[in-house]
**Student:** 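Let me begin by handing over the structure; questions about it come next.
In what follows, residues are counted from 1 in the order of the sequence shown.
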Amino acid sequence: MGLSFGKEGILAFRNSLALNGKAFIDGKSTDALSGETFGCISPRDGLEIARVASCNAADVDLAVAAARRAFEAGVWSARPPKERKKVMQRFADLFEQHLDELAVLESLDMGKPISESRNIDVALVLDTLRWYAECPDKLYDEIAPTGPDQLATITREPVGVVAAVVPWNFPMLMAMWKIAPALASGNSIIVKPAEQSPLTAIRMAEIAYEAGIPAGVFNVVPGFGPTAGKALGLHMDVDCLVFTGSGEVGKLFLLYSGQSNMKRVYLECGGKSANIILDDVPDLRVAAERAATAICFNQGEVCVAPSRLVLSERIQDEFLEIVVETARAIRPGDPLDPETRIGALVDDTHRARVEHYIARGHEDGARLVLGGDRPDTNLGGYYVNPTIFTGVRNDMTIAREEIFGPVLSVITVRDDEEAVRVANDTPYGLAAAVWTRDLSRAHRISRRLRAGSVWVNCYDHGDATVPFGGYKQSGNGRDKSLHALDKYTELKTTWIEL
């Protein structure tokens, strides 16, 4: 396809796709045992695009049993690392052949602009898969320092059956951040995609099986949180559960672990990230434009969205003029139009949630300087204009709670001390940014910020080589980099008397 086809070409390509909503268990596409389905609604226009298997505890039992059989049989867990690498490389090669299809599915399913799905999302997913595909035969174990009469080895072994419950904002990427390191480590995995965006996870499982990932090693059970998600959380034969989503649901998985087999639970539960702009910002226009585009990226449905603009009062007027000017030019539009820069929110329920927060900002006394309303797209669907509030205090609801929409709260500060205090005054700790031309100042402030990622003079940069995760109620454990493998492996000590 390629974006050079233009909107009409993309729509024609979309109409040629066969959308599969079946579960993928033990190497086969299958209906839910109950026969129940639910509608997959595209946020683009509010119309149903597919029926999806509504899996429940019985289907989860089947998927876990298949994953356990495959693990114990050693068809993947005991496979030589070089062979696992080759199969994962084939998975990546085959994935690359379907980039256009997967990009269109992603935009249809969750409403993001096709330009982002095609140029950013699928590229990052492929990069993640290729990076971890190279890992299996490059990971070394350890020998402990002992006396001449002993030998002590420290080895990594796959944890077993992994459940991955993934969100709707980056359905493919968040899934692959779990799938790739879990497979590289020799585990079997069951993915429960968000009910709002199940299609790409199902398609990835089909591609993986075609590439040679054995039956039972990669399974997908679409369904709802209280049924399929809860069943995975409580399952006695799931060894590890990884989750990206809300703190409310993350806490449930911790509870489910205690109520079942004390499975490992690793969480990434969002943030309320502070984008700190100091008075010596290197390029005021660049920083201001980035503040606007970053809050609009993916409709603001980003866990690291810079939703709190912590701005030096010395430069606030000039800076905010550019932020508002930039955001005003970003108009919501058809996600399948290559010219669109901000698409649709994922569903009507979420749009209502975002609009509730906008109303709350008014009630609490913040000043609306842009947006706050719906655009006229003539598409149906679930759209909200980029929204900016000034005069925000850090104790206001819009500054405390994760909105997950294109809503920016501007908080002015007098000095560095106040900037750090405001940035850290949050239950979250996922990310933050500092803009300054003084490297020493940047170091001092970065070290004081209680966040898992800190960007200096940029926002949301990185690649597969660096870990990603949060402090405080943003979660535990890390995705990406070699550090992610810690979640999917057990350390074994073997002490031998010679």
**Student:** Please walk me through it: do L311 and I411 pass side-chain contact (heavy atoms from CB on, under 4.5 Å)?
**Tutor:** CA-CA 6 Å; L311 177 62; I411 304 169; over 6 Å; no

**Student:** May I ask you to say whether E355 pairs ionically with R360, meaning some side-chain N is under 4.0 Å from a carboxylate O?
**Tutor:**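 Looking at E355 and R360, the cut-off is not met.
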
**Student:** Looking only at heavy atoms, what is the nearest atom pair of A305 and S273, with distance?
**Tutor:**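 Heavy-atom minimum between the residues: O-CB, 3.6 Å.
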
**Student:** Just so I know, are the side chains of D364 and I398 near enough to count as touching, which here means a heavy-atom distance under 4.5 Å?
**Tutor:**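 No; the side chains remain at least 4.5 Å from each other.
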
**Student:** Any idea which heavy atoms bring K487 and G477 closest together, and the distance?
**Tutor:**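 Taking K487 first and G477 second, the nearest heavy atoms are CD-CA, 4.4 Å.
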
**Student:** Give a yes or no on whether the ring-centroid distance for W177 and Y132 is below 6.0 angstrom.
**Tutor:**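 Judged by ring-centre distance (under 6.0 Å), W177 and Y132 do not meet the cut-off.
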
**Student:** Do D395 and R393 meet the salt-bridge criterion of a basic N to acidic O distance under 4.0 Å?
**Tutor:**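 Yes, charged N to carboxylate O under 4.0 Å.
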
**Student:** Does a side-chain heavy-atom distance below 4.5 Å link L370 with T387?
**Tutor:**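 Not touching, per the 4.5 Å side-chain cut-off.
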
**Student:** Report the C-alpha separation of F95 and M172 in whole Å, then their side-chain angles, then the decisive distance to 0.1 Å, and conclude whether the side-chain contact (heavy atoms from CB on, under 4.5 Å) test is met.
**Tutor:** CA-CA 11 Å; F95 182 94; M172 274 189 294; 4.1 Å; yes

**Student:** Please find the pair of heavy atoms, one from S312 and one from L278, that lie closest to each other, and give the distance.
**Tutor:**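 Reported closest heavy-atom pair: CB-C, 4.0 Å.
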
**Student:** Test your reading of the model: is there a side-chain donor-acceptor pair from T227 to the backbone of F224, 3.5 Å cut-off?
**Tutor:**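 Such a contact is found between T227 side chain and F224 backbone.
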
**Student:** Any heavy-atom pair between the side chains of R14 and I49 that's under 4.5 Å?
**Tutor:**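 Yes, side chains in contact.
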
**Student:** Is R414 salt-bridged to E418, cutoff N-O under 4.0 Å?
**Tutor:**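 Yes, this pair counts.
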
**Student:** Looking at R437 and D279, does any basic side-chain N land under 4.0 Å from a carboxylate oxygen?
**Tutor:**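 No.
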
**Student:** Calculate, to the nearest 0.5 Å, the distance between atoms NZ and CG belonging to K272 and D425 respectively.
**Tutor:**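 It comes to 13.0 Å.
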
**Student:** Hey, mind stepping through F389 and V410 against side-chain contact (heavy atoms from CB on, under 4.5 Å) and telling me if it holds?
**Tutor:** CA-CA 6 Å; F389 284 101; V410 182; over 6 Å; no

**Student:** Looking at R374 and N385, what are the two nearest heavy atoms and their distance?
**Tutor:**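 Closest pair (atom of R374, atom of N385, distance): C-ND2, 3.6 Å.
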
**Student:** Does the distance from a Lys or Arg side-chain N to an Asp or Glu carboxylate O, for R353 and E401, drop under 4.0 Å?
**Tutor:**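 Salt bridge absent between R353 and E401.
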
**Student:** Please determine whether side-chain contact (heavy atoms from CB on, under 4.5 Å) holds for the pair L199 and R203, giving the CA-CA distance in whole Å, both sets of side-chain angles, and the decisive distance to 0.1 Å.
**Tutor:** CA-CA 6 Å; L199 299 181; R203 189 71 184 100; over 6 Å; no

**Student:** Once you round to the nearest 0.5 Å, how far does CG of D100 lie from CG of L105?
**Tutor:**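 With rounding to 0.5 Å, CG (D100) is 11.0 Å from CG (L105).
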
**Student:** Checking R90 side chain against A211 main chain: does a donor-acceptor pair fall under 3.5 Å?
**Tutor:**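 Side chain of R90 to backbone of A211: a pair is present.
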
**Student:** Below 4.0 angstrom, N of the basic side chain to O of the carboxylate: do E417 and R421 qualify?
**Tutor:**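 Answer for the salt bridge query: no.
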
